[in-house]
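Each remark here refers to the structure printed beneath this line.
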Amino acid sequence: MPHVDANGLQFYVETLGSPGDPPILMVNGFGSQINGFDPTLAEMFARRGRFVVRYDNRDVGLSTRLDGHPIPVAALVDARTSGTELPDVAYTFNDMAADGMAILSALGIERAHVVGSSMGGMIAQTMAIEHPHRLLSLTSIMSTTGERDVGQSTSEANAALMGAPAATREDYISQGVRNRVVYSSRRFYDPEFEAFRMGRDWDRGIYPEGVSRQLCALLASGSRAEGLAALDLPTLVIHGRDDTLIQPSGGFRTAELVRGSVFALLSDMGHDYPRQLWPTLVDLIVTHQDRAGYRDPA
């Protein structure tokens, strides 16, 4: 480490805590680097007795970049609108779910609690559907099911997310601070902390081409409703009332589909992790994982 060979690619991976503690795999969202789950938040989980595994998804941060692979965003949108066959893409959530499982295997971890945020929640759901024997529990945060009638962005939030990439560090920070207020916590949004986070990401390495390929994966991966309805896995769904990027209907629907799941709708949370809510989030997730315990996959 910090780089791990998995699923034919190299991933930047960091671990925190005691390897003897229950492992928790944290899956980041669209275009998000490893610090999407802030290091201090990860430390809070480690202090609660978790062996934390964080990583950069493929095509972002310090993990493998798939330079030159196709980015057929417009063709995907047209095909989804017309109901015609989707064009080929570099990868889908199936591949990204397999990435996480391969990282666990490379670390010698047979089963883990999986926590995914936003697009990372979609990937985590795919992990649970396709690799249920590898998961101790699932936590899906500010995410949705892939069905087109739930969890959609408001037009303002979509415009804020999909703006043209910035060319300089200063522009990247100012654009991020300006845009993220649209879908973040109304009460706790902190522009100074957001500026710090954006600068940290820029300094690690921004890769707009990879983010566009991740968008293709999202557009090509389709609905997970049928798979979620068949899950038999301890599942916690968390969503924020202020979320306009993936509206709360996405969380409600996820919890509705997964039998026996627990749904937590948090006031004063948008499509972000306000530091003021970190203790609440850690308590919810650790309590859920403790209740799940260890279940024999047979």
Handout entry: Parallel, tilted or perpendicular: rings of His131 and His133 (30°, 60°)
Key = tilted
Practice task
Decide yes or no for Phe93 and Met127: does some side-chain heavy atom of the first lie under 4.5 Å from some side-chain heavy atom of the second?
Solution key: no
Handout entry: Backbone N/O of Gly222 and side chain of Glu147: donor-acceptor pair under 3.5 Å
Key = no
Problem - side chain to side chain contact (heavy atoms under 4.5 Å, CB included) assessment of Tyr12 paired with Val4 - result: CA-CA 6 Å; Tyr12 182 87; Val4 169; over 6 Å; no
Practice task
Identify the two heavy atoms, one from Leu16 and one from Ala46, that lie closest to each other, and give their separation to 0.1 Å.
Solution key: CG-CB, 4.0 Å
Problem - Pair listing, salt bridge (charged side-chain N to carboxylate O under 4.0 Å, His left out) test, anchored in residues 27-46, at least two apart - result: Asp38-Arg200
Handout entry: salt bridge (charged side-chain N to carboxylate O under 4.0 Å, His left out) involving Asp88 - partner list, sequence neighbours excluded
Key = none
Problem - CA sep, side-chain torsions, deciding dist, call: Asp99, Tyr91, side chain to side chain contact (heavy atoms under 4.5 Å, CB included) - result: CA-CA 11 Å; Asp99 292 343; Tyr91 50 85; over 6 Å; no
Problem - Any pair counted as salt bridge (charged side-chain N to carboxylate O under 4.0 Å, His left out), so long as it reaches residues 258-283, sequence neighbours left out - result: Arg48-Asp283, Arg187-Asp268, Asp190-Arg275
Practice task
With sequence neighbours left out, write down each residue that passes salt bridge (charged side-chain N to carboxylate O under 4.0 Å, His left out) with Asp243, or none if nothing qualifies.
Solution key: none
Problem - Expected output: side-chain Thr244 to main-chain Thr154 donor-acceptor under 3.5 Å - result: no
Handout entry: Side-chain donor/acceptor of Thr92 to backbone N/O of Ala217, under 3.5 Å
Key = no
Practice task
Would you indicate whether the side-chain heavy atoms of Leu161 and Ser153 approach each other to under 4.5 Å?
Solution key: no
Practice task
Determine, for Arg65 against Asp59, whether the closest basic-nitrogen to carboxylate-oxygen distance falls under 4.0 angstrom.
Solution key: no
Fill in the blank from the handout: Between Leu265 and Pro248 the two heavy atoms that sit nearest each other are CD1-CB, 4.2 Å
Exercise for the section: Kindly say whether Leu135 contributes a backbone atom to a donor-acceptor pair with the side chain of Arg111 at under 3.5 angstrom? Expected result: yes
Exercise for the section: Indicate yes or no for a side-chain donor-acceptor contact from His288 to the backbone of Leu138 under 3.5 Å, with no hydrogens or angles considered. Expected result: yes
Practice task
Output all residues satisfying side-chain hydrogen bond (donor to acceptor under 3.5 Å, both in side chains) with Asp203, sequence neighbours left out; order by chain, then residue number.
Solution key: Arg169
Practice task
For residues Ala112 and Leu104, report the shortest heavy-atom separation together with the two atoms involved.
Solution key: CB-CD1, 3.9 Å
Problem - Met119 side chain near Ser143 side chain, heavy-atom distance below 4.5 Å - result: no
Problem - Closest non-hydrogen atom pair, Gln247 against His239 - result: O-NE2, 3.5 Å
Practice task
State whether the side chain of Ser63 and the backbone N or O of Asp56 hold a donor-acceptor pair below 3.5 Å, judged by distance alone.
Solution key: yes
Exercise for the section: Go through the side-chain N and O atoms of Tyr172 and Glu170 and say whether any donor and acceptor fall under 3.5 Å apart. Expected result: no
Exercise for the section: Given side chain to side chain donor-acceptor pair (under 3.5 Å), test Ser117 with Tyr273 step by step and report yes or no. Expected result: CA-CA 10 Å; Ser117 172; Tyr273 287 114; 3.1 Å; yes
Practice task
Side-chain contact test, heavy atoms from C-beta onward, threshold under 4.5 Å: evaluate it for Ser223 versus Arg148 and give yes or no.
Solution key: no
Practice task
Enter the distance from Asn35:CG to Leu41:CG here, rounded to the nearest 0.5 Å.
Solution key: 11.0 Å
Problem - Pair Asp95 + Arg58, salt bridge at N-O below 4.0 Å - result: no
Exercise for the section: Just jot down the ring-ring contact (aromatic ring centres under 6.0 Å, His included) partners of Phe263, sequence neighbours excluded, or say none. Expected result: Phe252
Practice task
Report yes if the side chains of Val237 and Val262 come closer than 4.5 Å at any heavy-atom pair, otherwise no.
Solution key: no
Exercise for the section: Please check if the side chain of Ser118 supplies one atom and the backbone of Gly120 the other of a donor-acceptor pair under 3.5 Å. Expected result: no
Practice task
Kindly state each residue pair satisfying salt bridge (charged side-chain N to carboxylate O under 4.0 Å, His left out) with at least one member in residues 172-185, sequence neighbours excluded.
Solution key: Arg180-Glu194
Handout entry: Those residues that, when tested against Arg134, pass side-chain hydrogen bond (donor to acceptor under 3.5 Å, both in side chains) (two or more places apart)
Key = Ser105
Problem - Side chains of Val177 and Pro191 in contact at under 4.5 Å (non-hydrogen atoms) - result: yes
Exercise for the section: Test Arg241 against Ser267 for side chain to side chain donor-acceptor pair (under 3.5 Å), laying out the working first. Expected result: CA-CA 5 Å; Arg241 291 183 184 273; Ser267 299; 3.2 Å; yes
Completion exercise
Asp171 meets the side-chain hydrogen bond (donor to acceptor under 3.5 Å, both in side chains) criterion, sequence neighbours left out, with Thr168
Exercise for the section: State whether the side chain of Asp242 and the backbone N or O of Arg186 hold a donor-acceptor pair below 3.5 Å, judged by distance alone. Expected result: yes
Exercise for the section: Indicate the ring-plane relationship of His271 and Tyr183, choosing parallel, tilted or perpendicular according to the 30° and 60° boundaries. Expected result: perpendicular
Practice task
Determine, stepwise, if the pair Gln125 / Ser140 fulfils side chain to side chain donor-acceptor pair (under 3.5 Å).
Solution key: CA-CA 7 Å; Gln125 291 171 18; Ser140 177; 3.0 Å; yes
Handout entry: Nearest-0.5 Å distance that lies between atom CG in Asn57 and atom CE in Met96
Key = 4.0 Å
Handout entry: Interatomic distance, Asp149 atom CG to Arg253 atom CZ [nearest 0.5 angstrom]
Key = 7.5 Å
Practice task
Could you pull out all residues at least two apart from Phe51 that satisfy ring-ring contact (aromatic ring centres under 6.0 Å, His included)?
Solution key: none
Handout entry: Worked check of side chain to side chain contact (heavy atoms under 4.5 Å, CB included) between Thr139 and Ile141
Key = CA-CA 6 Å; Thr139 300; Ile141 307 173; 3.8 Å; yes
Exercise for the section: Using atom types as modelled and distance alone, determine if a side-chain donor or acceptor of Glu209 lies under 3.5 Å from a backbone N or O of Gly68. Expected result: yes
Practice task
Report yes or no: is the cationic atom of Arg213 (NZ for Lys, CZ for Arg) under 6.0 Å from the centre of the six-membered ring of Tyr207, at an angle within 45° of the ring normal?
Solution key: no
Problem - Check: Phe193 and Arg197 side chains under 4.5 Å, non-hydrogen atoms - result: yes
Pairs of donor and acceptor atoms involving the side chains of residues 22-31, under 3.5 Å and at least two apart or interchain, shall be tabulated with distances.
from  : atom 1 : to    : atom 2 : distance (Å)
Asn28 : OD1    : Phe37 : N      : 3.3
Asn28 : ND2    : Gln33 : O      : 3.3
Asn28 : ND2    : Tyr55 : O      : 3.2

Problem - Set of residues satisfying side-chain contact (heavy atoms from CB on, under 4.5 Å) with respect to Ala79, sequence neighbours excluded - result: Thr84, Leu86, Pro87
Completion exercise
CG of Leu257 to OG1 of Thr235, rounded to nearest 0.5 Å, is 11.0 Å
Exercise for the section: Give a yes or no answer on whether the side chain of Ser261 reaches the backbone of Ala255 with a donor-acceptor pair at less than 3.5 Å. Expected result: yes
